[in-house]
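Remember, it's 1-based here, ligands and their atoms both numbered in the order they're listed. Heavy atoms only: backbone and side chains are in, while hydrogens, waters and symmetry mates are out. Along the sequence shown, the residues carry numbers beginning at 1.
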Amino acid sequence: MYDLLVVGSANADLVIGVERRPAAGETVLGSDLAVHPGGKGGNQAVAAARLGARTALLARVGDDAHGRLLLDSQREAGVDTAGVLVGGAPTGVALITVDPSGDNSIVVSPGANGRLTPGDARGAAALFRAAQVVSTQLEIPLETVVEVVRNLLPHNRFVLNPSPPRALPQEVLAACDPLIVNEHEARVLLGAAPGIEPEEWAAALLALGPRSVVVTLGAAGSLVADADGMTRVPSVRVAAVDTTGAGDAFTAALAWRLGLGESLAVAAGYASRVGAAAVTKAGAQESYPTAAEVEALR
Ligand code: RIB
C-alpha cells in the first residue's frame with residue numbers, strides 16, 4: 001500500500017547562485033554550477049518519503065547520467081521507483097538561478113517528462129489500486145494528467161498543483177481535492193482580474209469546480225477553502241536560503257496528511273512547517289526535512 005502516488009516530472013536541476021537574476025538582454029556572472037535532483041514530481045515523492053510516507057513515483061527519465069542521479073535520489077529517500085520508466089528522450093533539465101533572498105527563476109526542458117504518455121498512466125493501474133492519494137503537477141503532458149483523473153479509483157483522493165499553470169479541463173478541475181495554487185498560478189487560472197484578497201481568489205477558484213482549494217501565501221502561510229468555509233493557516237518564520245522546491249514539499253506533506261484523515265486546515269498547518277524547513281537549505285530534494293525536523297520547527 002502507498003500513502004501517496006506521485007505522477008509527475010523528474011528533472012536534473014542545474015543551479016547557479018547570482019547576485020541578481022538577469023533582465024532581458026542582460027548577462028550576469030554567477031557561482032559555480034551545482035547539479036541537484038529535482039522536478040516537481042520527483043521533489044514531491046522525495047519530500048513525502050522523507051517524512052515517512054509510503055510513496056511511489058510514476059515518471060519518465062532518460063537512460064543517462066541525469067536519470068541515474070534522479071533514480072538514486074528517489075531510492076535513497078525510500079520512494080518505490082518501480083513506476084519510473086526509463087528512455088525515450090534525455091532526462092528533463094531545469095536551469096535555475098537563485099538570488100541572495102532565496103528567490104529563483106526556472107526554465108525547464110521537459111525531455112523525457114514530455115514522453116510520459118496517457119498509456120503510461122493506464123499501464124500503472126496497480127499503483128492506483130495501492131495508493132490512498134494521487135498527486136500530479138503540470139510538467140508532464142496535460143493529456144496524461146487527464147488520463148490520471150480518468151483512472152482514479154473511488155478510494156483515491158486527487159491533489160493537483162497546476163505548475164507551470166495553464167487552463168485546465170473541467171474534468172480535471174472537478175477531481176481536485178484540493179487544487180493547490182500560489183498567487184501566480186491563481187492569476188493564470190482566473191484570468192486578468194481575480195480580485196485583491198486571497199479570499200477572493202479562493203472563492204473564484206472554488207467556482208471553477210474543485211472540491212477544495214489551497215492558496216499558498218509564502219511566508220504568510222496559506223488559505224484553505226472548501227464548501228464549509230475558508231481558514232487562514234499561518235506559517236513559521238525562517239531565514240530563506242533557497243525557495244526552490246518548497247512548494248513541492250508543501251504539496252507532498254499536505255497530500256500525505258490528508259490521506260491520513262487530517263482536515264484541510266490541520267494538514268496545511270503541518271505542510272507549512274515542511275515548506276518552511278525546505279527553504280532553509282540549498283537545493284530542492286536535499287533541503288527536505290524528516291518528521292523529527294518538522295516537529296522541532298514550532
Ligand atoms: O518546483 C521546483 C522544481 O521546478 C525544480 O526542482 C525544477 O526541476 C522545476 O521542475
Q: So for Gly245, does at least one of its heavy atoms come nearer than 4.0 angstrom to any atom of ligand 1?
A: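 Flag set, Gly245 near ligand 1.
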Q: Rounded to the nearest 0.5 Å, how far does CD of Gln44 lie from CD of Gln285?
A: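 The distance works out to 11.0 Å.
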Q: Report yes if Glu139 has an N/O atom closer than 3.5 Å to an N/O atom of ligand 1; otherwise report no.
A: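 It does: an N or O of Glu139 is found under 3.5 Å from an N or O of ligand 1.
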Q: Check ligand 1 against Ala94 and write out every atom of the ligand that is under 4.0 Å from a heavy-atom position of the residue.
A: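 Taking each heavy atom of Ala94 in turn, ligand 1 has 7 (C), 8 (O) under 4.0 Å.
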Q: Starting from atom 3 (C) of ligand 1, which protein heavy atom do you reach first, and at what distance in Å?
A: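 Nearest protein contact, heavy atoms only, for atom 3 (C) of ligand 1 is Asn43 ND2, 3.7 Å.
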Q: How close does the nearest protein non-hydrogen atom get to atom 4 (O) of ligand 1, and which residue and atom is it?
A: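 Answer, as residue, atom name and distance: Lys40 NZ, 3.0 Å.
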Q: Would you mind checking if Asp226 and Arg211 are paired as a salt bridge, meaning a charged N to carboxylate O distance below 4.0 Å?
A: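 Asp226 and Arg211: not salt-bridged.
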Q: Run the salt-bridge test on Lys281 and Glu286 with the 4.0 Å N-O cut-off and return the result as yes or no.
A: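 Looking at Glu286 together with Lys281, the answer is no, because their closest N to O distance does not fall below 4.0 Å.
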Q: Should Asn11 be counted as touching ligand 1, given the test is an N or O pair under 3.5 Å?
A: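 Yes, there is a polar N/O contact under 3.5 Å.
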Q: Within 45° of the six-membered ring axis of Tyr288 and under 6.0 Å from that ring's centre, is NZ or CZ of Arg50 located there?
A: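 Because its charged atom misses either the 6.0 Å distance or the 45° angle limit, Arg50 does not stack over Tyr288.
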Q: For ligand 1, which atoms, with element, lie under 4.0 Å from some heavy atom of Gly38?
A: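 Going through ligand 1 atom by atom, the ones under 4.0 Å from Gly38 are 6 (O), 8 (O).
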Q: N/O of Gly39 under 3.5 Å from N/O of ligand 1, yes or no?
A: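 Right, the criterion is met.
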Q: State plainly whether the residues Asp63 and Arg68 are in salt-bridge range, i.e. N to O under 4.0 Å.
A: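 Yes, charged N to carboxylate O under 4.0 Å.
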Q: Looking only at protein heavy atoms, which one is nearest to atom 1 (O) of ligand 1, and how far off is it?
A: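 The closest heavy atom on the protein side is Asp248 OD2, 2.7 Å.
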Q: Give, for atom CG of Leu57 and atom CG of Leu5, the distance between the pair rounded to the nearest 0.5 Å.
A: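 Answer rounded to 0.5 Å: 8.0 Å.
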Q: So which heavy atom in the protein is nearest atom 5 (C) of ligand 1, and how far is it from that ligand atom?
A: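 The protein heavy atom lying closest is Asp13 OD2, 3.3 Å.
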Q: Going by side chain to side chain donor-acceptor pair (under 3.5 Å), name the residues that satisfy it together with Thr231, two or more places apart in sequence or in a different chain.
A: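 Side chain to side chain donor-acceptor pair (under 3.5 Å) check on Thr231 returns nothing, list empty.
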